[in-house]
Amino acid sequence: MHDRRSALAAIATLVLALTGCAGASAIEVDEAWARPTPPGTTVGAVYFEIRNSGSGADRLLRLSSTIAERTELHGTMMHNGMAHMHAVKELAIPADGSIRCEPGGLHVMLVGLQQPLVAGQQFELELEFEKAGRRSVSVEVRQPD
Ligand SMILES: [Cu+2]
C-alpha cells in the first residue's frame, strides 16, 4: 500500500515536471480599473496588470465586453510631442513576468460605450489568452490614484 502511494506521488511529480517543461502559463489579471467618462463621451480606457507566474510565455489574443461596441488593445507612442494611439493585435506575456497597462501606455479602449462610465460602477471584461484560455475580470470605475 505504502509503495503504491509513493509510486503515485512519483508519477504526479513527473507529470508536474513535464507540464513545466512544456511551458505552462499561469496568468492573473489584477487591479483592473477604468477612468470615469464625461457625459456624451463614447470612448473609455481600461488599465490592469497581467502577471504570468508560469514557466512559459503566453499571448493575449482577444478582448471583449458587453458595455461597448468594440474592445481594443491600444499602445501609445509619442510623435512630435503628441501622444498617438495605435491598435495592438496581440500582446506577449513573458514567462515569469508581467505587463502593465497604464495611462500614457498600453490600455484597453472601449469604443462605442452604451453609457458613460460612472465612478463606483463595475463591469466585466473578458480576456482570451492563447494558453491560459478565457479570463473574466471585474473592472472598477474610479479616479486615477
Ligand atoms: Cu486608445
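Indexing begins at 1, ligand by ligand and atom by atom, following the structure's order. Values below: every heavy atom of this structure, side chains too, minus hydrogens, waters and symmetry copies. Note that the structure is predicted; figures quoted are calculated from it, not measured.
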Chemist: For Arg35 and Tyr47, what are the C-alpha separation, side-chain angles and deciding distance, and is it a side chain to side chain contact (heavy atoms under 4.5 Å, CB included)?
Modeler: CA-CA 9 Å; Arg35 211 189 274 272; Tyr47 310 102; 4.2 Å; yes

Chemist: Quick one: side-chain hydrogen bond (donor to acceptor under 3.5 Å, both in side chains) partners of Glu102, sequence neighbours excluded?
Modeler: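 Not a single residue meets the side-chain hydrogen bond (donor to acceptor under 3.5 Å, both in side chains) criterion with Glu102.
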
Chemist: Please give me the protein atoms (N, O or S only) lying under 2.8 Å from the Cu ion (ligand 1), ordered by chain and number.
Modeler: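 Less than 2.8 Å away from the Cu ion (ligand 1) sit His74 ND1, Met85 SD, His107 NE2, Met109 SD.
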
Chemist: Would you compute the distance between atom CZ of Arg134 and atom CZ of Arg62 and round it to the nearest 0.5 angstrom?
Modeler: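 Spacing of CZ (Arg134) from CZ (Arg62) equals 7.5 Å.
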
Chemist: Once you measure the plane-to-plane angle for His84 and His79, does it fall in the parallel (<30°), tilted (30-60°) or perpendicular (>60°) bin?
Modeler: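 Correct class here is perpendicular.
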
Chemist: In Å, rounded to the nearest 0.5 Å, how long is the span from CG of Asn52 to CD1 of Ile93?
Modeler: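 Rounded to the nearest 0.5 Å, the CG-CD1 separation comes out at 7.5 Å.
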
Chemist: Quick one: pull up CG in Leu110 and CD in Glu72 and give me the separation to the nearest 0.5 Å.
Modeler: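 Rounded to the nearest 0.5 Å, the CG-CD separation comes out at 9.5 Å.
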
